[in-house]
Amino acid sequence: MMEYPEIDKYASLDSPMHRFDPRAKIIAFIFLIFSIVLLNDLKLVLIGFLVSILFLIASKLPFHFVIRHLKGVSIFIIPFLVIMPFTVKGDEIFSIYAIKVTYEGLRYGILVALKAFSAVILIFPMVATTKFETTIKALDKLKVPNILVQMLMFTYRYIFVFVDEFQKLLIAMESRGFKLGTSLYALRTIGNALGMLFVRSYERAERVYWAMQSRGYTGSQKTLAEFKMCTKDYVLMVVIIAFAVCLHVVCYAY
Amino acid sequence: MKKEAISVKNLTYTHPDGTKALEDASLEVYEGERIAIVGPNGAGKTTFLLHLNGILRGSDGQVEVFGKSVDKENKEEIIKEVGIVFQDPDDQLFMPTLFDDLAFGPLNMGLKGDKVRERVEKTILSLGLMGYENRCPHHLSGGEKKKASLAAVMSMEPRILVLDEPTANLDPKSRAELIKIVNDLNEREGITVIMATHDVNAVPAIADRVFVLNKKVIAEGTTQEIFSDGALMKANNLEVPDVFKLFEVLRCFGYNCEELPLSIDEAIEHLMRTAEVNGGHIHLHIHEHTHDEVKKLRSEYEHH
């Protein structure tokens, strides 16, 4: 069975990160992510990386859940680590035949990988500790453009429906003897199924739009949500942002 | 004089691909009535329903809701009056939680936070959806989804409720529950109900009047009148309720009845009455014609 991309599967746990007000959480972590990503000093990035891991631990999310999501991201990050040492010019550490492995390249590779992993790891305490719909409402309250909020909302609502529909197509195909594989025939069939999915999505989009119009939709979407910030939230937010700023102050003074 | 809720005159609609969906369809629905629209697949039932609140607009003809013509200018007003429940709940429930879905309509009507919450709460209570507020529509069962779709429309408090195949894909319990809810809404709040359906066994329980639609309105009448017209039923790929069929068979066996019952309740009443008249007995027998008559009936009911 295909798995649902449930990013908020463990949003009902209890941890300091779960209790953190969604709006403050989003602001604080976005700040921290940008701060780490914009650093250029390996040591400071390493500190940022370790702090990200601390936040992840504080969020009490199950290890397997985090690993499963990190695996996908790694596919994009690991290549930097492998390719950079070979391609960046600088002091040679050793060479394989004519290809030089450079100290600068290795440093860059590690820098990029650490930054990327920090950013991804921080997404977990930021997004996976709140019900996704609450996150969306928090974004709306933070005055994120309404069109983006709506897109997120519909993506989240219908991604499950699409998974279900693709699943149904696959089962229908398999029950008529189709075997999933990498042969040209199998790929072509999957292609057809995907095409079918697009057609169905298009038709569904039309019907959903009718349903929305029937209930008075005119283009903008209001949401009802109440959030309450308490002292704890302010303190935590200020601490995180202060840390993010500190990283850069230290980097500058260094 | 009954007040007209919906009046459709000479409605014509052509799909973008050129096929005619509706041709000169006209009908009138009075306030507080329960209407069933039956017709074969592809007869334009859904298309017709989408005209009732102006989602689709015909190339020709006119739709009026409580005397107001359905057009661009008063779209907002019409939408408040006419609530459409779509066939697939996944089309209807597009918000992340049930609460948001119920709040969607009232928010678009320009109501403020507390008023919206009040409406949502009231709808949830009246449809028995307590405890579902924060559930994600995707995780509901088919019956719950259907009820939720109805709730999402009812939170706007429309005076006319339009349902597209409300009983499709429901288990018998959910089906009975839905029928009861719709009937209650009609009885308690005087809501006019219009539904398209293939579920003929549900029609007597849920409709006072029936329209047969096949691109145009072919026939209209009480459930009794429509279902008694065998030729009409057959010509439009339709069927009569099972109870009705059974009593037609009983008639071949000499059971005496003028008006055939359409539902189990009516059947029981009918049998009681007949038994009372005949001193506690119901008399059935076979005579020469019986076999021929039964045979004729069977061939009438076969769709070939």
Side-chain angles (χ1 to χ4, degrees), chain A residues 3-9 11-12 22 130-141 146 149-165 167-168 200-227, chain B residues 16 46-47 49-56 75-80 82-117 119-120 134-139 149 152-156 158 162 164:
Chain A
E3 250 182 282
Y4 295 126
E6 271 178 301
I7 185 69
D8 60 356
K9 197 171 176 187
S12 49
T130 320
K131 279 267 168 216
F132 199 69
E133 63 257 18
T134 315
T135 305
I136 294 171
K137 283 173 192 162
L139 288 174
D140 195 40
K141 279 273 183 300
N146 194 259
V149 172
Q150 287 186 54
M151 275 168 63
L152 266 178
M153 197 154 64
F154 287 119
T155 308
Y156 185 69
R157 170 67 182 86
Y158 283 100
I159 204 155
F160 301 104
V161 178
F162 290 149
V163 168
D164 276 352
E165 271 182 10
Q167 188 82 48
K168 269 190 232 162
R200 284 193 195 182
S201 312
Y202 175 78
E203 285 176 347
R204 182 181 293 281
E206 187 169 43
R207 293 194 306 267
V208 172
Y209 184 57
W210 287 341
M212 291 169 71
Q213 278 188 310
S214 298
R215 287 196 271 148
Y217 177 79
T218 48
S220 72
Q221 165 66 64
K222 303 164 202 98
T223 51
L224 268 190
E226 266 168 24
F227 295 110
Chain B
T46 303
T47 311
L49 297 186
L50 287 171
H51 280 84
L52 298 182
N53 71 349
I55 294 294
L56 294 181
K75 194 177 169 186
E76 272 175 51
E77 271 174 81
I78 299 295
I79 278 166
K80 270 184 234 171
V82 184
I84 299 190
V85 180
F86 287 75
Q87 183 178 356
D88 184 350
D90 274 326
D91 296 340
Q92 182 91 53
L93 304 166
F94 41 74
M95 298 291 279
T97 67
L98 194 62
F99 175 88
D100 295 318
D101 245 313
L102 265 60
F104 183 88
L107 276 172
N108 284 328
M109 288 161 69
L111 296 180
K112 292 278 163 285
D114 283 338
K115 267 262 179 278
V116 173
R117 278 195 192 85
R119 285 259 181 127
V120 172
N134 291 317
R135 295 275 293 276
C136 163
H138 183 255
H139 298 303
S149 305
V153 168
M154 287 316 296
S155 66
M156 294 179 77
V162 176
D164 194 0

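Quick note on labels: first sequence line is chain A, next is B, and so on, each numbered from 1.
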Verify the distance criterion only: is there a donor paired with an acceptor across the side chains of Thr46(B) and Asp164(B) at less than 3.5 Å? yes

Need one label for Lys80(B): side chain, backbone, both or neither, based on atoms under 4.5 Å from any heavy atom in chain A. neither

Between Met156(B) and chain A, which part of the residue has a heavy atom less than 4.5 Å away: side chain, backbone, both or neither? side chain

Given that the side chain runs from C-beta out, which part of Asp101(B) has a heavy atom under 4.5 Å from chain A: side chain, backbone, both or neither? both

Of the listed residues (Asn108(B), Asp91(B), Asp90(B)), which shares the most heavy-atom pairs with chain A below a 4.5 Å separation? Asp91(B)

Side-chain donor-acceptor distances from residues 132-139 of chain A under 3.5 Å, at least two apart:
from	atom 1	to	atom 2	distance (Å)
Thr135(A)	OG1	Lys131(A)	O	3.4
Lys137(A)	NZ	Asp100(B)	OD1	2.9
Lys137(A)	NZ	Asp100(B)	OD2	3.0

What heavy-atom pair brings Ile79(B) and Gln213(A) nearest, and what distance separates the two atoms? CD1-O, 3.0 Å

Which one, Tyr156(A), Tyr209(A), Trp210(A), leads in non-hydrogen pairs under 4.5 Å with chain B? Trp210(A)

Under 4.5 Å from any heavy atom of chain A - which part of Ile78(B): neither

Counting heavy-atom pairs under 4.5 Å with chain A, which one of Ser155(B), Pro158(B), Ala152(B) comes out on top? Ala152(B)

Which pair of non-hydrogen atoms, one from Arg119(B) and one from Leu111(B), has the smallest distance, and what is that distance? CZ-CD1, 3.9 Å

Best-contacting candidate, Asn134(B), Val116(B), Asp88(B), against chain A by heavy atom pairs under 4.5 angstrom: Asp88(B)

Which distance, rounded to the nearest 0.5 Å, do you find between the CZ of Phe94(B) and the CD of Gln150(A)? 10.0 Å

Scanning both residues in full, the closest heavy-atom pair of Ser201(A) with Phe162(A) reads OG-CE2, 3.3 Å

His138(B) and Arg157(A): CA distance, side-chain angles, deciding distance, side chain to side chain contact (heavy atoms under 4.5 Å, CB included) verdict: CA-CA 8 Å; His138(B) 183 255; Arg157(A) 170 67 182 86; 4.3 Å; yes

Is it the side chain or the backbone of Phe154(A) that comes within 4.5 Å of chain B heavy atoms, both, or neither? side chain

